[in-house]
Amino acid sequence: MTTPMLMTVIAIIAISGFFIARTRSIKLANMAGGLSKLHSRPNYYGSYVAILAAIPALVLLLLWQAAEPNLIHSLVMAQISDTYVTQFGNADLLYSQIGNIARGITQTDDAVLLAAADHYQTLNHLGTTLRFTAMTALALAGLAFGWRSLRLRLRARNRVENVMQGFLLFCSTLAILTTFGIVLSVLFEAMRFFQMIPVTEFIFGTEWSPQIALRADQQASSGSFGAIPLFTGTLMISFIAMCIAAPVGLMSAIYLAEYASPRVRGIVKPILEILAGIPTVVYGFFAALVAAPFIRDVAHAIGFTSASSESALAAGAVMGIMIIPFVSSLSDDVISAVPQSLRDGSLGLGATPSETVRQVVIPAALPGIVGGLLLAVSRAIGETMIVVMAAGLSSNLTANPLESVTTVTVQIVTLLVGDQEFDSPKTLAAFALGLTLFVVTLALNFVALRIVKKYREQYD
């Protein structure tokens, strides 16, 4: 029986336990004089028994799934002589071959492999049978234990809520540990890079050419890892994007929150937010096929003959269009959260609606708007696909938005593609760039959340 089918069986037992326990708790209450005699509502008694039936079985299933492959691997390989493994060349490849023979994918006449495949298949069938029996028995045992423990004063609600709190704590801890794991893995590899390349060269260098010779006799660059061109390209494209997204998104939010009728708002807001659902690769195609050629032709027409078909302006403009719904939605929520009493007081003193928006609403919502804009900047810094397709891969140190540039995220993708050794400076440079990007976006998000928190404390 497959794992999904086994989980379905456990779910059926747990659901059955819920209804059985709920019915029994109601009967006990009626025998004692009414539902008021129960400590908790009947649904909590049902949930309590369902939890006893499901959680122990699911935990055992998880542990079984983690231990079974290694156990079968050890038992199968134990019956094969070391001499045969040495002749085959690779133990892992041999085990994979045995598995393919057992599943009928590969045919062979080798008696050793056929015997090992039969043993592999027998162990799998035995494991499946034992797993189903153990999980089903444990689920039924949990149901029986819960059913026998039902009584009028059982604190079912407290126990169910304690389990839910423990589950939420587990999820929170898992998220934190995952974050620490990601940070430590990136930090460890970045430190390996900085042991090969000085930190000062990486942060202050003005030439980025991470090509390393694959062989000793190969003609190739020794590698230049100055990240300044990447930082300037990232900042230039993000700045162009925010120059478009910030005013358009903010003005859209002001109109929708302060001037639009409910009918117009109900139509315009969903249409505007459709932009957020378009995949970034579609924006990349639009930038490469429409925006970039149009900007190049206009630049040539007005005398900028050096304009490239791949430019920071094209990538930044399309990225700004993509971020508009992000800025608009955040700003709309912040503006709508400004207390109506502030508007009424301003209008009562004789101010016009536009003066109220400029001098009362916007200043009151400014901390939240700034926080939203900083979050939008983080979104722009992390974009990759549009830059690859519209701005190119050239690491130019330039202030001309009509030239081709690249960003940190694009170079991370480029460095991790290919046959370069994983411990080479070229590959490890991706982790140094990732660490830098992480620190920058973390700082922006921290500042934004602090500003938003201050705003909420003031007006909630």
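Heavy-atom contacts from other residues, nucleotides or ligands closer than 6.0 Å to CE of M77 number more than 12. Residue F19 places its CZ atom among 12 or fewer non-hydrogen atoms of other residues, nucleotides or ligands, all under 6.0 Å distant. Open room surrounds CZ on F285; 12 or fewer heavy atoms of other groups in view lie less than 6.0 Å from it. Other residues, nucleotides and ligands contribute only 12 or fewer heavy atoms inside 6.0 Å of the CZ atom of R148.
Heavy-atom minimum distance, L272 versus L256: CD2-CD1, 4.4 Å. Here the shortest heavy-atom pairing between R343 and I335 reads NH2-O, 2.9 Å. The two residues A246 and L373 come nearest to each other via the heavy atoms CB-CD2, 4.0 Å. Among all heavy-atom pairs drawn from F18 and A50, the shortest one is CB-CB, 4.1 Å. I80 approaches A116 most closely through the heavy-atom pair CD1-CB, 4.0 Å. Closest approach of L415 to A430, counting heavy atoms only: CD1-N, 3.6 Å.
Checked by atom type and distance alone, the side chain of D332 never pairs as donor or acceptor with a backbone atom of S328 at under 3.5 Å. Here the side chain of E383 pairs a donor or acceptor atom with the backbone of M385 at under 3.5 angstrom. Panel note: side chain T179, backbone A175; a donor-acceptor pair is recorded below 3.5 Å. In terms of modelled atom types and a separation under 3.5 Å, the side chain of S329 and the main chain of F326 share no donor-acceptor contact. Side-chain atoms of T234 come within 3.5 Å of backbone N or O of V408 as a donor-acceptor pair. A distance-only check finds no donor-acceptor pair linking the side chain of T136 to the backbone of T133 [under 3.5 Å]. For T178 (side chain) and L174 (main-chain N/O), a donor-acceptor pair under 3.5 Å exists by modelled atom type. With hydrogens and angles ignored, the 3.5 Å screen pairs no side-chain donor or acceptor of S96 with any backbone N or O of D92. Side-chain atoms of Y45 come within 3.5 Å of backbone atoms of L152 as a donor-acceptor pair (strictly under, hydrogens ignored).
Summarising the geometry, atom NZ belonging to K426 is positioned 12.5 Å from atom CG belonging to L428; distances are rounded to the nearest 0.5 Å. A distance of 4.0 Å separates CD1 in I13 from CG in L140, rounded to the nearest 0.5 Å. Here the straight-line distance linking atom OG1 of T407 with atom CE of M319 works out to 7.0 Å at 0.5 Å rounding. Note that OG of S47 is 11.0 Å distant from CG of L52, once rounded to the nearest 0.5 Å. The distance from the OG1 atom of T436 to the CZ atom of F431 is 13.0 Å, given to the nearest 0.5 Å. Rounding to the nearest 0.5 Å gives a distance of 10.0 Å between CG of L6 and CH2 of W64.
For the pair E189/T427, no side-chain contact is recorded, criterion being any heavy-atom separation below 4.5 Å from C-beta on. Using a 4.5 Å cut-off on side-chain heavy atoms (C-beta onward), R131 and T128 make contact. Between E161 and Y44 the shortest side-chain heavy-atom distance falls below 4.5 Å. Counting heavy atoms from C-beta outward, H39 and L154 have side chains that stay 4.5 Å or more apart. Residues I101 and I105 form no side-chain contact, since every pair of their non-hydrogen atoms from C-beta on lies 4.5 Å or further apart. Counting only heavy atoms from C-beta outward, the side chains of R22 and R24 never approach each other to under 4.5 Å. Residues H119 and Q79 have side chains in contact (heavy-atom distance under 4.5 Å, counting atoms from C-beta outward). No side-chain heavy atom of V9 sits less than 4.5 Å from a side-chain heavy atom of M135.
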| message | I'd like to know whether Y259 forms a side-chain contact (heavy atoms from CB on, under 4.5 Å) with S354, so could you lay out the CA-CA distance, the side-chain angles of the two residues, the decisive distance to 0.1 Å, and finally the verdict. | response | CA-CA 9 Å; Y259 295 103; S354 62; 3.8 Å; yes

| message | Go through it in stages, so that I can follow the logic: the residues are N162 and Q165, the test is side-chain contact (heavy atoms from CB on, under 4.5 Å), and I'd like the CA-CA distance, side-chain angles, deciding distance and then a yes or no. | response | CA-CA 5 Å; N162 288 337; Q165 290 178 5; 4.2 Å; yes

| query | For E355 and T352, what are the C-alpha separation, side-chain angles and deciding distance, and is it a side-chain contact (heavy atoms from CB on, under 4.5 Å)? | reply | CA-CA 5 Å; E355 290 173 340; T352 63; 3.1 Å; yes

| task | Might you work through the side-chain contact (heavy atoms from CB on, under 4.5 Å) test for I72 and Y95, ending with a clear yes or no? | result | CA-CA 10 Å; I72 293 178; Y95 182 74; 3.7 Å; yes

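With Y120 as the partner, the side-chain contact (heavy atoms from CB on, under 4.5 Å) test is satisfied by one option alone out of L123, D118, T122, N124: N124.
The distance between the ring centers of F193 and F225 falls below 6.0 angstrom.
No donor-acceptor contact under 3.5 angstrom links the side chains of R103 and Q121, judged on distance only. The closest side-chain donor-acceptor pair between S346 and T356 falls under 3.5 angstrom.
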